[in-house]
Number of protein chains: 2
Amino acid sequence: MKKSLADKIEEYLKVLIERSENRQVEIQRSELAETFDCVPSQVTYVLSTRFTEETGYLTESRRGGKGYVKITRLDDSDLKSDTFRRELISFIDEMRDKKNISSKEAEMLKFLTNYAFQGFAVEEKNRIFKALKKALENYLL
Amino acid sequence: MKKSLADKIEEYLKVLIERSENRQVEIQRSELAETFDCVPSQVTYVLSTRFTEETGYLTESRRGGKGYVKITRLDDSDLKSDTFRRELISFIDEMRDKKNISSKEAEMLKFLTNYAFQGFAVEEKNRIFKALKKALENYLL
DNA sequence: TTATTATAGTCAATAAAAGTCAAAAATCAA
DNA sequence: TTGATTTTTGACTTTTATTGACTATAATAA
């Protein structure tokens, strides 16, 4: 795959995280930008597109002097990212309210959403729920 | 039979894939279009008519800067693993025949099965289809 | 406390791809 | 030949990446 700058920064950070003790790395945004010879907001871009809750990461930061950015890879026990499942459920309810699907269909879809993927990893579930929502959107057309 | 431009592009890509290490080739749509002196959407046409899952290929792509199109020829184990999808589809049909679900519900489920997870890795799809089938079995209880 | 400095964040503009869709053209089959 | 199917084309859309000017926040020095 042709690597964009964003790809390279992503890869670099992931290597650092893998090598770390605690699946965690702390950097300085401006310093990293200098390393890759780009503007600091490029780093912000990478963080917001590649190190999100959806992809299984948590980022924290502080501005000002001694500022930093800390990235942590979440494991399954950090199970608080239920956003995508809830979003899918809301979407199903919405479809039912708008009469795009029947109540019975909505119930079936919600059952599958809630029970089929128990035991799957968090970020995998997120991708699945997102894909299902997108497919449902297409189904309506 | 006279070869159409689409045929030539198809042939060209297949040669590249054969010669590759891993039954895989990566191109840039616009670049390839330039090589064959045609519009980029011609390449899209070739991909969507000649490199589909049905014909044993997987295509992935990314838009935007440093975008690409990647084509992978699925191997036997990949194709064999399509049994899980087919099994799920059969099961859905069976549920419909036994009046456990309506025709409309069956159509929706089959649509989701066939389209929602395109681009997911093969083993992942297997796990997803298995999980869906199992959940559907439970749904009936 | 206040001013200064050192960080990181936000947002919008621009660019660089690929995707969509439907009309027009070419080819094929009856 | 003619009607159907396949191919070709291009205008328009969407997605992704890059950049920089401006804003917000925290630590430190005065």
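Each chain gets a letter, A, B and so on, in the order its sequence line appears, and its residues count up from 1.
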Quick check on DNA chain D: between Lys66(B) and Val43(B), whose nearest nucleotide comes earlier from the 5' end?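 Its nearest nucleotide being more 5', the pick is Val43(B).
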
Comparing Asp37(A) and Asp37(B) on DNA chain D - which has the more 5′ nearest nucleotide: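 Nearer the 5' end of the strand: Asp37(B).
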
Should the ring pair Tyr12(A) and Phe36(A) be called parallel, tilted or perpendicular, given that the plane angle runs from 0 to 90° and is split at 30 and 60?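 Rings of Tyr12(A) and Phe36(A): perpendicular, over 60°.
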
Choosing from [options], which nucleotide comes nearest the side chain of [X]?
X: Ser4(B); options: dG19(C), dT8(D), dG9(C); result: dT8(D)
X: Cys38(A); options: dT19(D), dT8(D), dT18(D); result: dT19(D)
X: Ser30(B); options: dT10(C), dT28(D), dA17(C); result: dA17(C)
X: Asp7(A); options: dG19(C), dA8(C), dA17(D); result: dA17(D)
X: Arg63(B); options: dT13(D), dG10(D), dA17(D); result: dT13(D)
X: Val39(A); options: dT7(C), dT9(D), dT19(D); result: dT19(D)
X: Ser41(B); options: dG10(D), dT19(D), dT14(D); result: dG10(D)

Once you round it to whole Å, what is the distance between [atom2] of [N] and [atom1] of [X]?
X: Arg29(A); N: dA24(D); atom1: CZ; atom2: P; result: 15 Å
X: Tyr68(A); N: dT7(C); atom1: OH; atom2: P; result: 14 Å
X: Arg50(A); N: dA17(D); atom1: CZ; atom2: C1'; result: 8 Å
X: Glu34(A); N: dT7(C); atom1: CD; atom2: C1'; result: 14 Å
X: Leu5(A); N: dA17(C); atom1: CG; atom2: P; result: 14 Å
X: Gln42(A); N: dC11(C); atom1: CD; atom2: P; result: 18 Å
X: Ile27(A); N: dA8(C); atom1: CD1; atom2: P; result: 8 Å
X: Arg62(B); N: dA16(C); atom1: CZ; atom2: P; result: 15 Å

Would Val15(A) end up clustered with Ile71(A) when hydrophobic side chains under 4.5 Å apart are linked, directly or stepwise?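 Per the 4.5 Å side-chain linkage, Val15(A) and Ile71(A) are not co-clustered.
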
Could you check whether Arg23(B) pairs with Glu18(B) (Lys NZ or Arg NE/NH1/NH2 to Asp/Glu carboxylate O, under 4.0 Å)?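 No, this pair does not count.
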
Has [X] got a side-chain N or O lying under 4.0 Å from the OP1 or OP2 atom of [N]?
X: Tyr45(A); N: dT18(D); answer: no
X: Thr44(A); N: dG9(C); answer: yes
X: Gln28(A); N: dT7(C); answer: yes

Taking the cut-offs as 6.0 angstrom to the six-membered ring centre and 45 degrees off its axis, would you call Lys14(A) and Phe51(A) a cation-pi pair?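 Checked: cation-pi criterion met.
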
NZ or CZ of Lys125(B) within 45° of Phe117(B) ring axis and under 6.0 Å: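 Judged by the rule, Lys125(B) and Phe117(B) form no cation-pi pair.
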
